[in-house]
Amino acid sequence: MATLLLILQLLILLIPSSLAQNLQPTELTALLSIKATLTDLSPSNPFFSTWNLTAPDPCSSFAGLTCTLRRVTALSLGDPSSPLAGTLPSSLSLLTDLTQLLLSPGLVTGPIPPHLAHLTNLRVLSLPSNRLTGPIPAALSALRRLHTLDLSRNQLSGSLPPTLTDLPQLKILILASNSLSDGLPRTINSPLLHLDLKDNKLTGPLPSFLPSSLRYLSLSQNLMWGPLPNGLQTLTELAFLDLSMNRFAGPIPAQLLSLPALSNIFLQRNNLSGGLGSGTRPRPGPRPRPGSIVDLSHNSLSGELSSVLEGVESLFLNNNRFSGEVPEVYVKSVWRGSTRLLYLQHNYLTGIPLREGAVLPDTASLCVSYNCMVPPPAMVLTCPASAGREVARPSAQCSVFSHNRNTGD
């Protein structure tokens, strides 16, 4: 790389003086290096076609370049119709006034240059959907002004640098769909609004402390385990929670399902147990939640259903160990149109309060097959194929379950 920079600096001497006066020599070196190490993948619409070094003013003619007072302050490399390949040069660090560095989806490979830590004015670093490899450089923790870091959908590996989640202005951290491993830091101190680490190989428990500012949290499709910490129910700003497809066990914190802002909850395919609690949202009367989704399916949740999830638009409680009768408030919510999908199949429910001859609304799906009751025909027709063909559990299973539940075995 040092040899390449020397050659580029010699080339600058051949560039027209009008161009050299418009940008600092070090910035010209960086731009030449970028063009030399990245390759256009679109012959019909090459991104670098405007990077003409004989142009009088690259700030006004180079695609993806934004300048302030003749210093490069934002650089957007490639676009959806003009993807790039190659590697990221460490000479990017010469653009010391950069506040934004963005790379469009493409085939850029190799490591993230640790020299990017020299860009101390950087607010946004976004390099998603490429083929970057290696660890996330711990040196990025020097970017004290960083607001957004998106390295998703690459091939990054190793641990999440613990100091990265201490950055004082970091609000958005997206590292989804990589191969990150090991555990998360015990505490996350950055004032995050959005944390997305799904589809990695992370292990261990959830952090004991999460920022109260969180609105979006996704850790699905990892290898995490342990109980859900009670601290989750203090995240009053949280609107989206996805911890699905992990190995979390134990009960759902009592007030988590009652958080007023939380409209999308995905906890399916874990080892959760216990009941739903009895909390209710602090709103009187029926509680429609347009667009809301709660998926608690494929766990070991048990006990009678509480009314805490009344009015959820799409509610998945199937493949658990719930018993007793379906609460009337859920049935009314379906007929009222607040709940459009209610899946209760593969539990041990014993009844559902329906009038004889009741017909489901056209927009509704309600499935109660394979429980300890014979469901009304209307409750079978809208079941998914995964519910199977058996409409009710064998009576022997229901007897054994009832006996074990009564004796505490």
Side-chain angles (χ1 to χ4, degrees), residues 198-199 218 220-221 240-248 252 257 262-273 275-276 288-355 357-395 397-398 401:
K198 67 174 174 285
D199 190 20
S218 179
S220 68
Q221 301 177 65
F240 183 100
L241 174 65
D242 189 354
L243 304 177
S244 63
M245 290 179 273
N246 278 283
R247 300 171 183 175
F248 293 117
I252 298 173
L257 301 178
L262 189 55
S263 59
N264 290 275
I265 307 172
F266 301 91
L267 300 177
Q268 70 270 24
R269 298 186 183 276
N270 280 286
N271 298 314
L272 300 173
S273 57
L276 294 183
R289 308 174 202 175
S292 57
I293 304 173
V294 175
D295 192 341
L296 308 180
S297 65
H298 295 274
N299 281 289
S300 296
L301 299 170
S302 60
E304 296 189 357
L305 296 174
S306 73
S307 61
V308 66
L309 296 173
E310 175 194 357
V312 171
E313 187 170 293
S314 298
L315 180 56
F316 301 84
L317 299 175
N318 52 288
N319 295 82
N320 279 288
R321 300 171 64 84
F322 291 118
S323 58
E325 188 167 277
V326 178
E328 186 176 10
V329 292
Y330 286 119
V331 177
K332 288 183 176 179
S333 185
V334 172
W335 257 261
R336 190 170 58 238
S338 300
T339 297
R340 296 177 180 271
L341 185 149
L342 177 58
Y343 280 176
L344 298 168
Q345 67 269 20
H346 288 258
N347 281 287
Y348 293 85
L349 299 168
T350 54
I352 184 168
L354 280 176
R355 299 187 308 274
V359 178
L360 273 176
D362 292 340
T363 58
S365 295
L366 173 56
C367 183
V368 292
S369 67
Y370 210 69
N371 277 283
C372 295
M373 60 177 170
V374 177
M379 305 303 104
V380 176
L381 293 176
T382 57
C383 287
S386 59
R389 296 182 178 180
E390 298 290 333
V391 296
R393 280 187 182 274
S395 57
Q397 288 187 15
C398 295
F401 175 79

> Measuring from Leu349:CG to Leu317:CG, what's the distance to the nearest 0.5 Å?
Replying inline: 9.0 Å
> Checking side-chain contact (heavy atoms from CB on, under 4.5 Å) for the pair Gln397/Tyr370: CA distance, chi angles, key distance, verdict?
Replying inline: CA-CA 11 Å; Gln397 288 187 15; Tyr370 210 69; 3.5 Å; yes
> Has Arg321 got its NZ or CZ under 6.0 Å from the middle of the six-membered ring of Phe401, at an angle within 45 degrees of the ring axis?
Replying inline: no
> Hey, does the side chain of Asn371 reach the backbone of Tyr348 with a donor-acceptor pair shorter than 3.5 angstrom?
Replying inline: yes
> Atom OG of Ser218 and atom CG of Asp242: how far apart are they, to the nearest 0.5 Å?
Replying inline: 4.0 Å
> Do Leu296 and Leu301 come within less than 4.5 Å of each other through their side chains, counting heavy atoms only?
Replying inline: yes
>> The test is side chain to side chain donor-acceptor pair (under 3.5 Å); show your working for Ser292 and Ser263 and say whether it passes.
In response: CA-CA 5 Å; Ser292 57; Ser263 59; over 6 Å; no
>> Ignoring hydrogens, what is the shortest heavy-atom contact between Arg340 and Gly337? Give both atom names and the distance.
In response: CG-O, 4.0 Å
> So, do Asn264 and Leu241 sit near enough that their side-chain heavy atoms are less than 4.5 Å apart?
Replying inline: no
> Do Leu309 and Tyr330 come within less than 4.5 Å of each other through their side chains, counting heavy atoms only?
Replying inline: yes
> For the atom pair OG (Ser369) and CG (Leu344), what is the distance rounded to the nearest 0.5 Å?
Replying inline: 10.0 Å
> Counting N and O atoms only, with roles assigned by atom type, does the side chain of His346 sit under 3.5 Å from a partner on the main chain of Ala387, one being a donor and the other an acceptor?
Replying inline: yes
> Where is the tightest heavy-atom contact between Val334 and Ala364, given as atom of each residue plus distance?
Replying inline: CG1-CB, 3.8 Å
>> Return the SG to CE distance between Cys398 and Met373, rounded to the nearest 0.5 Å.
In response: 10.0 Å
> At what distance, to the nearest 0.5 angstrom, does OG of Ser323 lie from CG of Leu305?
Replying inline: 8.0 Å
>> Please check this pair: side chain of Glu313 against backbone of Gly291, looking for a donor-acceptor N/O pair closer than 3.5 Å.
In response: yes
> Under 6.0 Å from the CD atom of Glu325, do we count more than 12 heavy atoms belonging to anything else shown?
Replying inline: yes
> Quick one: are Phe316 and Val294 in side-chain contact, heavy atoms under 4.5 Å?
Replying inline: no
> For Arg269, does the CZ atom sit with more than 12 other heavy atoms under 6.0 Å from it, leaving out its own atoms?
Replying inline: no
> Within a strict 4.5 Å, meaning less than it, do heavy atoms of the Phe240 and Ile293 side chains meet?
Replying inline: no
> Considering all heavy atoms of both residues, which atom of Asn270 and which atom of Leu243 are nearest to each other, and what is their separation?
Replying inline: ND2-O, 3.1 Å
> Are any of the side-chain heavy atoms of Tyr343 and Pro384 separated by less than 4.5 Å?
Replying inline: yes
> Quick one: does Asn319's side chain have a donor or acceptor within less than 3.5 Å of a partner on His298's backbone?
Replying inline: no
>> Check whether Ser297 reaches the backbone of Gln268 with its side chain - one donor and one acceptor, N or O, closer than 3.5 Å.
In response: no
> Is the closest side-chain heavy-atom distance between Val331 and Leu342 below 4.5 Å?
Replying inline: no
>> For the backbone of Asn246 and the side chain of Asn271, can you confirm whether one donor and one acceptor N or O come within less than 3.5 Å of each other?
In response: no
> Does Ser220 use its side chain to pair, donor to acceptor, with the backbone of Lys198 at less than 3.5 Å?
Replying inline: no
>> In the structure I gave you, are the side-chain heavy atoms of Ile265 and Asp295 within less than 4.5 Å of one another anywhere?
In response: no
>> Within this structure, what is the CD-CG distance for the pair Gln345 and Asn318, rounded to the nearest 0.5 Å?
In response: 4.0 Å
>> Donor-acceptor check, side chain of Arg393 to backbone of Asn347, threshold 3.5 angstrom: yes or no?
In response: yes
>> Could you check whether atom CD of Glu390 has more than 12 heavy atoms from other residues, nucleotides or ligands sitting under 6.0 Å from it?
In response: no
> So, Thr339 and Ser333: side-chain donor and acceptor under 3.5 Å apart, yes or no?
Replying inline: yes
